[in-house]
Amino acid sequence: MNLILKNARVVSMSSGTDGYQPSFPQDIVIESGKIVSISCSNQGVLTSELQQVSVDSSLDYATYDCKNKLVTPGLIDCHTHLVFAGNRANEFEQRLNGVSYTDIAKQGGGILATVTATRAAQESELVEMALPRLDGLLRSGVTSIEVKSGYGLTLDDELKMLRAAKALENHRRIKITTTLLAAHAVPPEYKEKPDSYIDLVCEEIIPKAAEQGLADAVDVFCESIGFNLEQTERVFAAAKQHGLAIKGHTEQLSNMGGSALAAKYGALSVDHVEYLDEAGVKALAESGTAATLLPGAFYFLKETQQPPIALLRKHNIPMAIATDLNPGTSPFADLTLMMNMSCTLFGTTPEEALRGVTCHAAAAIGESKNRGKIEVGYAADLAIWNIEHPADLSYQVGVPHLHKRIVNGEVCHDSI
Ligand code: NIG
Ligand code: FE
């Protein structure tokens, strides 16, 4: 799609402080879904110095006047469990009556309650159920979403979830990446033999998902109520063997060393990381792994252990921020709400929050060369906002800040 966006005050999210400062009005030329030039608009104080926007005269371009609105990269939600069936409001009530998340999981609720509902659902039903949640994310300016499996826990049900996730691209203008999270919980039928379930994951589920092109990455819930280090390592090794990227749910409820292990395997990101220590942070620095903060889950579980923000800053670890949208620990379909929570609960700055859902989120899904910045050569996935300053995105929740999304160089004119 070829498009000229006129009069855009660009917040490019390029490296350095300039990347967070809105520019003078600029024109962005987009060809075949990619940004090919960015130049000053023919108005305003820079008129005398400007270079005119140059376009290829053999091509047709649509034009869209941003009327000096702020334009950022489209937001990227780099960690979601968007596809699932059922509802766990009852567990929310249980927790408020004093039962812990871990105890609910041990009693067969939690993730396994969603597994039962998801196994019973058809692929098309999973798509239908995901759409309202997806629409919530789109209204918060999201143009790319990572979606995990992990509520199927059989070969067929995991692949069904991944197909449903990919099918969302046929229903909305959105870029989906998929992550196989077969190692999310031990399924009931393997309760007494978790290692045999890991055999199934490594020998059947990962190879099939890779062969059918259904997964971009593999994730593991490395935790006392998930999988231990040895089991986690087997899954990472199988993922690597099949050419899939690696991610981890690590250090969420305790310090197991899963983040350092993930880093050893060159993981794109480690996620949650409330209990990460300095040795783990150093391991991330060495491997170039991003840390994804999930303030929605921290808030919803009323956790008190904060992720080590100061250490992550000290070692220059890219901090991504995501919704973790799921029925048990983070039922929130709004990425700007997560920016706000990250600032209020974890003390990130609004600039860090915006980097967390743009360039750093792109790193967490292995797309840092293509997405998350407004630069020549990057995908034309953008968000146009009714705001004065980028900090407004972290500051005020519930006001419809989004004016339009642009996905792959096309302005989305739907109501979302
Ligand atoms: O990211 N930590 C494990 N998995 C999800 C929770 C999933 C659930 O409770 O359904 C999470 O928080
Ligand atoms: Fe998660």
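In this chain, numbering begins with 1 at the start of the sequence shown. All ligand and atom numbering here is 1-based and tracks the order in the structure. Please read all numbers here as calculations on a predicted model, not as lab measurements.
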Member of R405, R371, K175, K34 meeting the salt bridge (charged side-chain N to carboxylate O under 4.0 Å, His left out) criterion with D381 | R371
Ring centroid separation F221 to H272 under 6.0 Å | no
Distance-only side-chain donor-acceptor flag, T154 / D157, under 3.5 Å | yes
Write none if no such pair exists; otherwise list each N/O atom of ligand 1 with its protein N/O partner under 3.5 Å and the distance.
residue, atom, partner, partner atom, Å
ligand 1, 1 (O), H81, NE2, 3.4
ligand 1, 1 (O), H249, NE2, 3.1
ligand 1, 1 (O), H272, NE2, 3.0
ligand 1, 1 (O), D324, OD1, 2.9
ligand 1, 1 (O), D324, OD2, 2.9
ligand 1, 2 (N), Q252, OE1, 2.8
ligand 1, 4 (N), H184, NE2, 2.8
ligand 1, 9 (O), R88, NH2, 2.8
ligand 1, 9 (O), Y101, OH, 2.5
ligand 1, 10 (O), R88, NH1, 2.8
ligand 1, 10 (O), R88, NH2, 3.4
ligand 1, 10 (O), Y151, OH, 2.6
ligand 1, 12 (O), D324, OD2, 3.0
ligand 1, 12 (O), T329, OG1, 2.7

Please examine the side chains of E146 and T178, heavy atoms only from C-beta on, and report whether any two atoms are closer than 4.5 Å.
-> no
If you draw a sphere of radius 2.8 Å around the Fe ion (ligand 2), how many protein N/O/S atoms end up strictly inside it?
-> 4
Test: R95 cationic atom under 6.0 Å from F300 six-membered ring centre, within 45° of axis = yes
Should the pair R133 and F84 be classed as cation-pi, given the thresholds of under 6.0 Å to the six-membered ring centre and 45° from the axis?
-> yes
Would you call K148 and K247 a side-chain contact if the rule is heavy atoms closer than 4.5 Å?
-> yes
Please check if any side-chain donor atom of D271 sits under 3.5 Å from a side-chain acceptor atom of H249, or the reverse.
-> no
Parallel, tilted or perpendicular: rings of Y190 and Y197 (30°, 60°) | tilted
